[in-house]
There are 2 protein chains.
Amino acid sequence: MQECANSRVQTTTLGAFRSLLGAHARLLWQLDLQLNARHGLSFADLEVMLHLEAAEGGELRLSELAQLALLSRSALSRRVDSLVGQGWVLRRSCPTDRRGTFAVLTESGREKLKESVSTHDEVLTEMLTRQLADGELSSLRGMLDRVREDQRQLS
Amino acid sequence: MQECANSRVQTTTLGAFRSLLGAHARLLWQLDLQLNARHGLSFADLEVMLHLEAAEGGELRLSELAQLALLSRSALSRRVDSLVGQGWVLRRSCPTDRRGTFAVLTESGREKLKESVSTHDEVLTEMLTRQLADGELSSLRGMLDRVREDQRQLS
DNA sequence: ACGAATTAATTGCGGGTGCAACCATAATAT
DNA sequence: ATATTATGGTTGCACCCGCAATTAATTCGT
């Protein structure tokens with residue numbers, strides 16, 4: 001049967017990819033919009049602070065933080081500059097490795113976080129939980145993780 | 001039972017969201033890397049040209065193109081500037097609406113496209129088709145489309 | 001123990017993005 | 001018909017990002 005051996009990627013693959021781009025764009029756009037409007041805070045800022053809070057003692061090495069927040073080290077360094085400027089984060093030099101630096105949430109940062117997380121959660125709930133059943137969510141997660149963890153390098 | 005009525009978004013929702021961010025970042029990084037290395041072309045450029053090729057007569061109004069490529073009108077305008085500079089695209093003013101402009105693929109653009117699409121497809125096949133079964137791909141697409149098309153505005 | 005290779009973080013730079021303001025044209029209302 | 005409003009596209013601006021080079025400190029090899 002299959003008569004049209006299209007050299008192009010299968011339409012279902014391209015379609016899924018475009019859906020991923022679209023969903024990502026819409027989610028980030030909505031998150032950034034609401035966070036900026038209500039709290040004067042970008043999603044990247046909140047994401048950094050969320051990872052800090054989730055870490056032991058609310059502090060993390062800058063390199064680790066960069067990986068978690070999906071940013072280059074330079075981008076993260078500047079993001080931390082900005083958060084320090086707002087008084088939400090502090091740099092603490094690492095006692096055991098004098099090259100290293102920790103980022104630490106300040107008390108003010110914890111408050112800002114607590115206040116902003118509600119908007120963050122509201123948007124995610126609205127756009128994910130309301131659209132997808134529980135089983136779908138974990139199935140989605142499983143598939144995307146397989147894509148994320150693909151370790152092949154193509155030449 | 002459920003004793004911990006966590007005020008935070010359910011961990012499965014946040015997990016799925018992070019997986020989406022991760023998969024998106026990895027896919028785009030790989031795509032941009034390979035396209036730049038092999039063809040001196042960004043993913044955004046290729047995406048614009050793909051949408052042009054798929055359109056009737058290989059031309060599209062700039063506004064439509066911006067929506068398809070998930071770019072603001074200003075970003076698209078500059079992207080077209082760049083593509084025109086490379087000789088891959090032409091601006092054609094719209095005869096029926098003197099405000100409007102079409103973007104049109106040139107012959108050279110079609111060649112560049114044909115050459116670059118193979119890399120595009122290779123990366124997508126490698127990262128999506130190899131990781132996900134056929135049924136999974138369409139299920140993934142369905143879920144992400146529901147997220148993308150969510151039309152609610154929160155305040 | 002000492003020089004070479006590695007790692008952590010920062011900075012200059014070029015480039016890409018969105019928003020808001022702008023101009024030109026088209027559609028709508030009165 | 002004319003004034004108002006809306007739309008298409010471009011530009012100034014501020015911001016954010018990654019790469020490559022830099023500096024400082026640590027680790028590895030011999």
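A note on names: the letters A, B, ... follow the listed sequences, proteins ahead of strands, and every chain is numbered from 1.
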Within residues 10-27 of chain B or reaching into it, pairs that qualify as salt bridge (charged side-chain N to carboxylate O under 4.0 Å, His left out) - sequence neighbours excluded:
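Passing the test, one end in residues 10-27 of chain B: A/Glu47-B/Arg18.
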Closer to the 5' end of DNA chain C via nearest nucleotide, is it A/Trp29 or A/Thr101?
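This one resolves to A/Thr101.
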Residues within residues 64-82 of chain B bordering DNA chain D, heavy-atom distance below 4.0 Å
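Output list: B/Arg73, B/Ser74, B/Ser77, B/Arg78.
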Report the distance from atom [atom1] of [X] to atom [atom2] of [N], rounded to the nearest whole Å.
{"X": "B/Phe102", "N": "D/dG8", "atom1": "CZ", "atom2": "P", "result": "12 Å"}
{"X": "B/Phe43", "N": "C/dG16", "atom1": "CZ", "atom2": "P", "result": "15 Å"}
{"X": "A/Arg61", "N": "C/dT10", "atom1": "CZ", "atom2": "C1'", "result": "15 Å"}
{"X": "B/Arg92", "N": "D/dG9", "atom1": "CZ", "atom2": "P", "result": "13 Å"}
{"X": "A/Leu62", "N": "C/dT7", "atom1": "CG", "atom2": "C1'", "result": "13 Å"}
{"X": "A/Leu41", "N": "D/dC16", "atom1": "CG", "atom2": "P", "result": "12 Å"}

Distance only, no hydrogens: is a donor on one side chain within 3.5 Å (strictly under) of an acceptor on the other, for A/Asp45 and A/Ser42?
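The answer is yes; a qualifying pair exists.
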Does a side chain donor of either A/Ser138 or B/Thr12 reach within less than 3.5 Å of an acceptor in the other side chain?
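No, no side-chain donor-acceptor pair sits under 3.5 Å.
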Check whether [X] reaches the backbone of [Y] with its side chain - one donor and one acceptor, N or O, closer than 3.5 Å.
{"X": "B/Thr101", "Y": "B/Arg92", "answer": "no"}
{"X": "B/Lys112", "Y": "B/Gln86", "answer": "no"}
{"X": "A/Arg146", "Y": "B/Gln131", "answer": "yes"}

Are B/Leu71 and B/Val104 in one and the same hydrophobic cluster, where Ile, Leu, Val, Met, Phe, Trp and Tyr link if side-chain heavy atoms are under 4.5 Å apart?
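No; tracing contacts between hydrophobic side chains, which count when under 4.5 Å, never links both residues.
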Table of protein N/O atoms under 3.5 Å from nucleotides 25-29 of chain C N/O atoms:
unit_1 : atom_1 : unit_2  : atom_2 : d
C/dT25 : O2     : B/Arg99 : NH1    : 3.4
C/dA26 : OP1    : B/Arg98 : N      : 2.9
C/dA26 : O4'    : B/Arg99 : NE     : 3.4

Shortest non-hydrogen separation from B/Val117 to B/Leu50 and the atoms involved:
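Looking at all heavy atoms of both residues, the shortest contact is CG2-CD2, 3.7 Å.
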